[in-house]
Asks: 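My questions all concern the structure below.
Chain naming here is simple, since letters A, B, ... match the order of the sequence lines and numbering starts at 1 in each.
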Amino acid sequence: MAGGFDLRSRLSAVARSVWAKHDVLGEGWLPLWCHMQDSAAVAGLLWDGWVPERVRALVGGALPEGEVDGRRLVVWLAGVHDIGKATPAFACQVDALADRMRDAGLEMPYRAGLGADRRLAPHGLAGQLLLQEWLKERHGWPGRVTGQFAVVVGGHHGVPPEQVALLELDGRAELVRTPGGSEGAWLRVQGELLDGCAAEFGVEERLGQWRGVRLPQPVQVVLSGLVIMADWIASNPDLFPYFPLETGYDGGRRVAAAWRGLDLPGPWRPRVSQEDAPVLFASRFELPPGAVVRPVQAAAVEMARAIPGAGLLIVEAPMGEGKTEAALAVAEVLAARAGAGGVFFALPTMATSNAMFPRLLDWLDRLPAEGGERLSVLLAHSKAALNRDAAELRARSRQRVAAVDVDGAQRVPKVGEEGAGPAELVAHQWLAGRKKGLLSSFVVGTIDQLLFAGLKARHLVLRHLAVAGKVVVIDEAHAYDTYMNAYLDRVLGWLGAYGVPVVVLSATLPAARRRELAQAYAGAGGDEGRFAAVEQAREYPLLTAVCAGHDPLLGRPAASGRGGEVRLERLEDDLEALADRLEDDLAGGGCALVVRNTVDRVLEAAAVLRGRFGADSVSVAHARFIDTDRAENDRRLLELFGPDGSRRPERHIVVASQVAEQSLDVDFDLLVSDVAPVDLLLQRVGRLHRHQRSGRPARLREARCLLTGVDWSAPVPAPVRGSEAVYGRHALLRSLAVLHPHLEERRGLSLPGDISALVQAAYGDGSVGPAQWAPVLQEARLVHEQLQDTKAKAADVFRIREAGKDGRSLMGWLAGGTGDADDTRAGRAQVRDSPESLEVIVVEELEDGSLATVSWAGEGRGGLPLPTGSAPSPRAAKAAAACGLRLPARLAKSYVIDRVIAELERFYFESWQVKENPWLAGQLILPIRPGCPTLLAGFRLMYTRENGLEVSSADA
DNA sequence: AATAAAAAAAAA
């Protein structure tokens, strides 16, 4: 077994006296030699049993003897990672353990004696220095090639050191070896430990050849990640107990027990499938009876098989073409080819991630698996703890991580573990938590979780290691702005460098954006002409495949979807006019959707329409509701207007903000919409006559969209102020311009036939719209371009660089980054460019002044008492945590936010800040009485189930 | 001081 190292026998008693860990509370400690061989053994086991083939091939590809060398290298680096602990700067910290070393002949000052200078010699940095010295002096390496290996040691606490720090430490020899009588002893001990590691971990004979190696930066990153992972596992005292041990020391047995106790699921090992698309889809998805594979799906799988190497595949197609299934099928094909050990499915929102999660689980259940195979799965976003599917999975796979001795209890085989059958899906305990979670094999999460791979932050290497072994799927790629795109492109560049297959899903992408994505993945390198065809393609649906060093492939499968025609009409921006019009159009019944660009416009329209049609016939949807209410609103919309039409009202109006333009499968007879950027407007139009439905009222049998939110009488139509604030004049005017012919000539809009042309025209550079609009359009474009420029620059501040030249060390990779979480609100780096906002937990204040979860929350979560003098029950705390509410931007403006927070902190309860019950810890609490205004920082806040949160000035 | 929706923040 790989754990059978015996480093100890290679060391003198002095070298064996060096300590690595101690137990703050007790007497326990761990000698350095032991932690070295524990870590090395874990690294080897990870390499053999956890690291996906893709990552092994990546590392092996940089070394003369391939993956055999790769394993040696990672084991050795894990073995030596804490060599910096063999220094006075580190060892002096614990008196009792330092005294043992002093007794053995290693002199050192007391902790206080070194004082603040110890900060110059963190043990990671000291280790890098020692290792570089040793490679130069013992093995004759030129200094400049040592950094690419040693930086893995230097960065094992999450941030690769900067060059200046290394130089500074180099000038302070006393921190690394006590000068004077014992200097020789220190030198001998450090040399002994490094020599011993080289010999014991099998690299002594390899160092001669390795000095000629130029490690690519992606390889340095994954090596760093693996060493950190090995260190974290080997530093867990439940797995690797401290000395003194209850029984005798047996290195092999110690490691075997730990590995057995950790019980980490291995990587997915996808098989290369040759099935035709229809067979493949039928076996992997539950398709409705009679369903056939769509041309886009079949073509995507075919193209995935045709890509010459690891590649990027962009799938542009309208909704309803089964892009998600296509992505999973393609992921399986590409994973098998690339040796990827998992999938990361990134979506734009928590809600879409939650919806995707069970679909991924279903797919995993249908994948061919070997008997007893276990696969780790994770839902990754900030509120995943509240998700029921994820909680169930966690409960099912609960296990304690602790060493299990070989003679001890065997892990009880779970049902279905033996023999063929679906793999067991687990949420592994060790993989819980923000920094480790993504190391699970299958991850569904928000796009932010992927974009963080481009953000300079501590332990970034772990995120990269997680992503480097997977296939990455990016959904709704058209939905991200310039700031997020800057991160996305940088991440794509690294994914390309790792050889990670990527699937990008989108409705129509602006052609320039399509080229940017392709080029970002392929690397900036040289031949830009290669991508001209990618930008020129105008077909829809469209497949684009990119693979470094090859010309892009384009595929043009047929569209299968049913077509539809929609007529566009102008409607004056006036509430009475709107109500009149709806009274006419809904005279014979029918359901209308009114989409407004701001919440205030939603509420003012709803008020007027309720007056005309009655409160029961008008409902409101926007995002300024408590999370549970928001979910209930969505559920109700789906129930009334979803595919099952049995509860569809006779006559109803839904007034909604942009929440109605996203992912809800609802159908309306008539649409009224504020003018919006054309792609978003088309999404709204997608809610019109969406389902086949007989018996639409006669005057609504033709699909119509009434466009409003514009002063149509102006020489150049002028969108209302709120719309401009949200979307900018440029996007709105371009949208109006490309729609102009349809409005003027009353030419219907064909769906999905016209989508691509409209989007390309609106987002292209060509002139659009009547000639007399040109000056206004031009001015709006300049403003827009300046704003995009600002955003791109802002995104660059905390963004990592592209991978540097092979052999260039990773030192300074995260320089100028965010480092540890800094607690100032403003200083926090982000992957979304948005102004500050505040989220509160809404609770209900009862008559007697006590607090409880809001009484109307469903699913047994309502009215649970929240005592302020003691910790609430976990059930009540979790129920309360589900009642999050984002406050409107005006409460988070820089001039008022401090006051808002200060006033909310009146409801900071010490007893709620407990670790064991973290649901409410650190949250801002907003107590309300439904229907009664609450005063906060000079504002009147009013929450009702009908309208959500309304804010007005307190003195109004 | 009037503008959507969207996400998010612990180590060895």
Asks: Hey, can you pull the residues of residues 671-681 of chain A with a non-hydrogen atom under 4.0 angstrom from DNA chain B?
Replies: none
Asks: Quickly work out the H478(A) NE2 to dA6(B) P distance and round it to whole Å.
Replies: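 Interatomic distance, NE2 of H478(A) to P of dA6(B): 14 Å.
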Asks: Just checking E724(A): base, sugar-phosphate only, or nothing, at a heavy-atom cut-off of under 4.0 Å?
Replies: nothing
Asks: Would you classify R886(A) as touching base, sugar-phosphate or nothing, given that sugar-phosphate means primed atoms plus P, OP1 and OP2, and contacts are heavy atoms under 4.0 Å?
Replies: base
Asks: Just checking, is any N or O donor in the side chain of H156(A) or H123(A) under 3.5 Å from an acceptor N or O on the other one?
Replies: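 Side-chain D/A pair, H156(A) to H123(A): present.
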Asks: Counting the atoms with a prime plus P, OP1 and OP2 as sugar-phosphate, which does V896(A) contact under 4.0 Å by heavy atoms, base, sugar-phosphate, or nothing?
Replies: nothing
Asks: May I have the distance from D481(A) (atom CG) to dA5(B) (atom C1'), rounded to whole angstrom?
Replies: 11 Å
Asks: The side chain of R832(A) lies closest to which of these nucleotides: dA7(B), dA8(B), dT3(B)?
Replies: dA7(B)
Asks: H157(A) side chain N/O closer than 4.0 Å to the phosphate oxygens (OP1, OP2) of dA12(B)?
Replies: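 Looking at the OP1 and OP2 atoms of dA12(B), one of them is under 4.0 Å from a side-chain N or O of H157(A).
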Asks: Which part of the nucleic acid, if any, lies within reach of R630(A) when heavy atoms closer than 4.0 Å are counted: base, sugar-phosphate only, or nothing?
Replies: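 Result for R630(A) = sugar-phosphate.
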Asks: Ignoring backbone atoms, test whether Q449(A) places a side-chain nitrogen or oxygen under 4.0 Å from the OP1 or OP2 oxygen of dA8(B).
Replies: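 For Q449(A), the contact criterion (side-chain N or O under 4.0 Å from OP1 or OP2 of dA8(B)) is met.
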Asks: Taking D573(A) first and then R601(A), would you say they form a salt bridge - that is, a charged N and a carboxylate O separated by under 4.0 Å?
Replies: yes
Asks: Tell me which one of V951(A), L926(A), I626(A), T934(A) satisfies side chain to side chain contact (heavy atoms under 4.5 Å, CB included) with Y943(A).
Replies: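 Output: one option passes, namely I626(A).
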Asks: Contact class for H156(A) (heavy atom, under 4.0 Å): base, sugar-phosphate, or nothing?
Replies: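 Result for H156(A) = nothing.
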Asks: Does atom CZ of R254(A) have more than 12 heavy-atom neighbours, drawn from other residues, nucleotides or ligands, at distances under 6.0 Å?
Replies: yes
Asks: Which part of the nucleic acid, if any, lies within contact of S834(A), taking any heavy atom under 4.0 Å across all strands shown: a base, the sugar-phosphate backbone alone, or nothing?
Replies: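 Base: the residue S834(A), judged by heavy atoms under 4.0 Å, touches a nucleobase.
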Asks: Just call it for K21(A): base, sugar-phosphate, or nothing, with non-hydrogen atoms closer than 4.0 Å on any strand.
Replies: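 Touches sugar-phosphate only.
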Asks: Do S837(A) side-chain and dA8(B) base share a donor-acceptor contact under 3.5 Å?
Replies: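 Per atom types, the contact qualifies.
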Asks: Just call it for E661(A): base, sugar-phosphate, or nothing, with non-hydrogen atoms closer than 4.0 Å on any strand.
Replies: nothing
Asks: Does the side chain of H730(A) reach to within under 4.5 Å of the side chain of V783(A), using non-hydrogen atoms?
Replies: no
Asks: Determine the contact category for A889(A): base if any of its heavy atoms lies under 4.0 Å from a base atom, sugar-phosphate if only primed atoms, P, OP1 or OP2 are that close, otherwise nothing.
Replies: nothing
Asks: At under 4.0 Å, does any side-chain N or O of S657(A) touch on OP1 or OP2 of dA5(B)?
Replies: yes
Asks: Mind checking R601(A) for me? I need base, sugar-phosphate or nothing, with any heavy atom below 4.0 Å counting as a touch.
Replies: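 Counting heavy atoms under 4.0 Å across all strands, no contact is made by R601(A).
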